[in-house]
Amino acid sequence: MYRAPRGTSDILPKEQAHWRHIEQKVADICQLYGYERIDAPAFEDTQLFTRSVGEDTDIVEKQMYTFQDRSGSQITLRPEGTASVCRAYLEHGLHNLPQPVKLYYITSIFRYERPQAGRYRQHYQFGYEAIGDDDPTLDAEVIDLAWQFFESLNLHHLSLQLNSIGCKKCRPGYLTALKDYYASYTHDLCSDCKTRLKRNPLRLLDCKKPLCQQIANSAPRSIDYLCQQCDTHFNQLKKYLELLELPFIVNHCLVRGLDYYTRTVFEIQPEAEGAQSTLGGGGRYDDLIEELGGKPTPAIGFAAGIERIIINLKKQNIPVPSLPKPRVFIAYVGNEARDKATKLASTLRRTGIGVIEAIGSKSLKAQLRQANSLGIHHTVIIGDEEVEAGTVILRDMTTAEQKTIPIDQLEGELQ
RNA sequence: GUGAGUGUCGCCUAGUGGUCUAAGGCGCCAGGUUGUGGCCCUGGAGAACGAGGGUUCAAAUCCCUCCACUCACCCCA
């Protein structure tokens with residue numbers, strides 16, 4: 001028997017209420033902040049991702065679904081959302097629009113990883129990007145949107161972690177200081193951290209091993225090495241976040257896994273500790289557009305994992321609105337009644353009333369059982385007598401009351 | 001990529017060498033008088049016990065290999 005490929009899953013009807021609810025909240029909040037939807041292709045030129053995400057990241061090194069198509073092009077299923085949006089911004093000359101350009105997406109993301117709770121090979125992210133300005137107010141707005149989004153979902157006990165990792169001017173100095181500091185601790189570091197020291201020193205800071213964390217805690221802080229502009233930017237951002245009453249925590253160990261981040265980085269996490277705790281994260285990427293061939297264009301964005309949001313909604317027992325279903329079930333007995341039922345179902349649907357018509361030749365009892373288990377409010381019953389008299393029986397399934405009415409009054413009764 | 005755990009009908013679970021060509025619950029289907037649901041009752045369909053190999057007179061139950069799933073590490077959403 002075929003199964004869904006490893007790390008993928010079917011989203012069955014009983015799960016759809018959660019998905020639709022989140023999609024609705026995304027659309028609402030984005031509209032509120034002036035973001036417009038963009039849908040990019042599921043795959044792109046491999047280079048787009050290797051350039052933007054960074055050659056030395058786990059994503060590029062071992063997680064991309066890359067293949068050659070029939071023409072020999074190197075194609076990659078998108079492992080993150082930002083690169084495609086930036087590509088679209090450049091490709092369609094969106095710099096001609098008033099800046100910043102604000103775009104959002106809900107889309108599937110593909111990464112080849114070992115699946116576990118909250119981590120899949122195909123998952124969905126909601127994300128948004130504000131491209132074309134580096135004003136710290138914009139950073140604040142982007143963070144505020146993320147925070148208000150989770151608020152609107154009634155997800156509580158979240159924390160907002162914030163840091164600034166500087167720009168290409170000031171970061172090299174910081175990295176040097178960091179490496180110097182760690183040089184004296186090489187023997188105490190875990191094996192992973194030893195390789196991090198060589199390959200990606202920033203990542204040393206978020207190792208979870210107790211000893212490594214101790215070392216990280218007294219490591220040089222990126223914010224102490226910011227250049228004048230980055231320092232001012234970060235301070236202004238914090239001021240705006242206070243103005244907006246967002247309860248941020250400056251986390252000196254917060255770094256992000258993608259190379260394109262500059263200055264502001266932030267994450268939103270559930271307060272409960274655990275694996276895959278990050279609900280969403282984002283930050284500034286002031287050099288990315290230029291890197292991809294555009295003019296220097298500052299930008300900032302955020303993305304959150306839909307599955308993780310759903311996990312947390314369930315964990316916190318937060319109900320979501322149930323999806324609407326047809327209000328009327330039509331049952332029938334006999335062939336003539338069946339014709340009537342079919343016609344009636346069609347007529348009602350054309351007036352906007354949702355109808356499920358009994359299908360097949362089941363007993364009336366079976367048909368009513370079905371109506372019951374579908375949780376439908378009204379059942380219309382048509383039999384020989386009703387055909388003869390031009391009537392139908394309208395049964396209220398919640399009260400078990402029913403009455404016989406002329407068929408042409410049914411629509412009025414159902415309004 | 002590393003480590004641990006699990007694998008019996010659609011779902012949950014019983015069974016730990018012989019009475020198991022596998023039991024129960026949920027769900028599904030059908031009936032409980034003639035055209036009526038939800039409760040109850042009865043019956044039915046549905047798994048050769050993840051796959052393959054081995055041990056044994058005998059295996060769902062023991063061993064091996066593989067596969068899958070789950071969880072954790074790594075990393076991230």
Side-chain angles (χ1 to χ4, degrees), chain A residues 1-9 12 14 22 53 56-63 78-82 106-127 146 190-193 195-196 199-200 203 206-209 212 254-258 267-270 274-282 301-312 329 331-334 337 358 360-387 392-402 404:
Chain A
M1 190 158 65
Y2 290 110
R3 300 165 149 267
R6 177 156 219 203
T8 70
S9 57
L12 296 171
K14 64 175 180 179
I22 291 169
V53 174
D56 282 339
T57 57
D58 275 23
I59 289 179
V60 170
E61 273 193 347
K62 46 193 186 191
Q63 298 181 341
R78 69 171 151 243
E80 63 102 37
T82 300
I106 302 175
T107 196
S108 49
I109 301 287
F110 306 88
R111 290 184 201 166
Y112 185 87
E113 305 185 79
R114 275 289 275 278
Q116 70 187 75
R119 201 181 73 182
Y120 314 98
R121 289 186 175 176
Q122 181 184 175
H123 75 277
Y124 290 82
Q125 285 184 12
F126 140 59
C190 69
S191 57
D192 285 329
C193 279
T195 55
R196 288 185 181 113
R199 280 196 35 216
N200 202 341
R203 303 223 58 86
D206 68 349
C207 182
K208 290 175 195 106
K209 303 238 163 44
C212 296
L254 177 66
V255 295
R256 308 265 313 145
L258 288 73
E267 265 182 28
I268 291 181
Q269 307 172 352
Q276 277 73 54
S277 57
T278 304
L279 272 174
F302 172 84
I306 310 278
E307 288 87 348
R308 290 188 185 177
I309 293 170
I310 292 174
I311 288 171
N312 280 276
F329 186 91
Y332 54 81
V333 180
S361 47
K362 293 175 183 168
S363 68
L364 183 57
K365 177 179 194 156
Q367 295 178 61
L368 283 164
R369 257 186 205 157
Q370 186 180 357
N372 181 246
S373 66
L374 290 171
I376 292 181
H377 200 93
H378 294 286
T379 295
V380 170
I381 302 168
I382 310 173
D384 293 339
E385 286 174 32
E386 288 72 29
V387 172
V392 298
I393 296 169
L394 178 60
R395 181 176 179 85
D396 185 319
M397 299 299 280
T398 57
T399 62
E401 283 165 8
Q402 63 181 44
T404 301

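Protein chains get the first letters and strands the later ones, always in sequence-line order, with residue 1 at the start of each. Bear in mind the structure is a predicted one, so any value in this text is a computation, not a measurement.
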Tell me the interatomic distance from [X], atom [atom1], to [N], atom [atom2], rounded to whole angstroms.
| X | N | atom1 | atom2 | result |
| --- | --- | --- | --- | --- |
| A:Arg114 | B:rC69 | CZ | P | 10 Å |
| A:His123 | B:rA77 | NE2 | P | 7 Å |
| A:Arg395 | B:rG35 | CZ | P | 15 Å |
| A:Tyr332 | B:rG35 | OH | P | 16 Å |
| A:Leu12 | B:rG27 | CG | P | 19 Å |
| A:Phe110 | B:rA77 | CZ | P | 16 Å |
| A:Leu368 | B:rG37 | CG | P | 7 Å |
| A:Glu386 | B:rU36 | CD | P | 12 Å |

Between [X] and [N], is there a side-chain N or O to OP1/OP2 distance below 4.0 Å?
| X | N | result |
| --- | --- | --- |
| A:Arg3 | B:rC69 | no |
| A:Arg256 | B:rA77 | yes |
| A:Gln116 | B:rA72 | yes |
| A:Ser363 | B:rG31 | yes |

Inset, instruction - Would you check if there is a donor-acceptor pair between the side chains of A:Gln122 and A:Thr8 at a distance under 3.5 Å? - result: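 Side-chain D/A pair, A:Thr8 to A:Gln122: absent.
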Mind checking if [X] touches a base, just sugar-phosphate, or nothing, with heavy atoms under 4.0 Å?
| X | result |
| --- | --- |
| A:Glu113 | base |
| A:Lys14 | nothing |
| A:Thr107 | nothing |
| A:Ala400 | base |
| A:Ile393 | base |
| A:Tyr120 | base |
| A:Glu385 | base |
| A:Glu267 | nothing |
| A:Gly281 | sugar-phosphate |

For atom [atom1], what is the distance between [N] and [M], given to the nearest Å?
| N | M | atom1 | value |
| --- | --- | --- | --- |
| B:rU33 | B:rU21 | C1' | 39 Å |
| B:rC57 | B:rC66 | P | 28 Å |
| B:rC29 | B:rG10 | C1' | 14 Å |
| B:rC20 | B:rC64 | P | 28 Å |
| B:rG27 | B:rC73 | C1' | 38 Å |
| B:rU6 | B:rU61 | P | 15 Å |
| B:rA59 | B:rU19 | P | 10 Å |
| B:rG53 | B:rA60 | P | 14 Å |

Should [X] and [Y] count as side-chain neighbours, where that means a heavy-atom distance under 4.5 Å?
| X | Y | result |
| --- | --- | --- |
| A:Gln370 | A:Ile376 | no |
| A:Ile306 | A:Gln125 | no |
| A:Tyr112 | A:Arg121 | yes |
| A:Ile381 | A:Glu386 | no |

Legend entry - B:rG32 base / A:Lys365 side chain donor-acceptor hit below 3.5 Å: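 Indeed, a donor on one side and an acceptor on the other fall under 3.5 Å apart.
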Inset, instruction - Examine the base of B:rC74 for any acceptor or donor lying under 3.5 Å from a partner atom in the side chain of A:Arg119, and report the outcome as yes or no. - result: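 Present.
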Inset, instruction - Give the nucleotide from the list B:rA30, B:rU36, B:rC28 with an atom nearest to the side chain of A:Ala366. - result: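 Looking only at heavy atoms from C-beta outward on A:Ala366, the closest nucleotide is B:rA30.
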Inset, instruction - Quick one: pull up NE2 in A:His123 and CZ in A:Arg308 and give me the separation to the nearest 0.5 Å. - result: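 With rounding to 0.5 Å, NE2 (A:His123) is 7.0 Å from CZ (A:Arg308).
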Legend entry - A:Glu80 bridged to A:Arg111 by N-O distance under 4.0 Å: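 Result for this pair is no, no salt bridge flagged.
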Watson-Crick or G-U wobble mate for [N], both contacts under 3.5 Å:
| N | answer |
| --- | --- |
| B:rU42 | B:rA30 |
| B:rG5 | B:rC69 |
| B:rG52 | B:rC64 |
| B:rC11 | B:rG25 |
| B:rU36 | none |

Inset, instruction - Could you give me the CA-CA distance, side-chain angles and deciding distance for A:Asp396 and A:His377, then say whether side-chain contact (heavy atoms from CB on, under 4.5 Å) is met? - result: CA-CA 6 Å; A:Asp396 185 319; A:His377 200 93; 3.6 Å; yes
Inset, instruction - Return the 5'-most residue of the pair A:Tyr112, A:Arg121 with respect to RNA chain B, ranking by each residue's nearest nucleotide. - result: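 It is A:Tyr112, whose closest nucleotide lies nearer the 5' terminus.
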Legend entry - Residue whose nearest RNA chain B nucleotide is more 5′ - A:Gln402 or A:Ile59: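 In this pair, the answer is A:Gln402.
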Legend entry - In B:rA14, glycosidic geometry as syn within 90° of 0 or anti otherwise: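 Anti, since the glycosidic angle lies more than 90° from 0.
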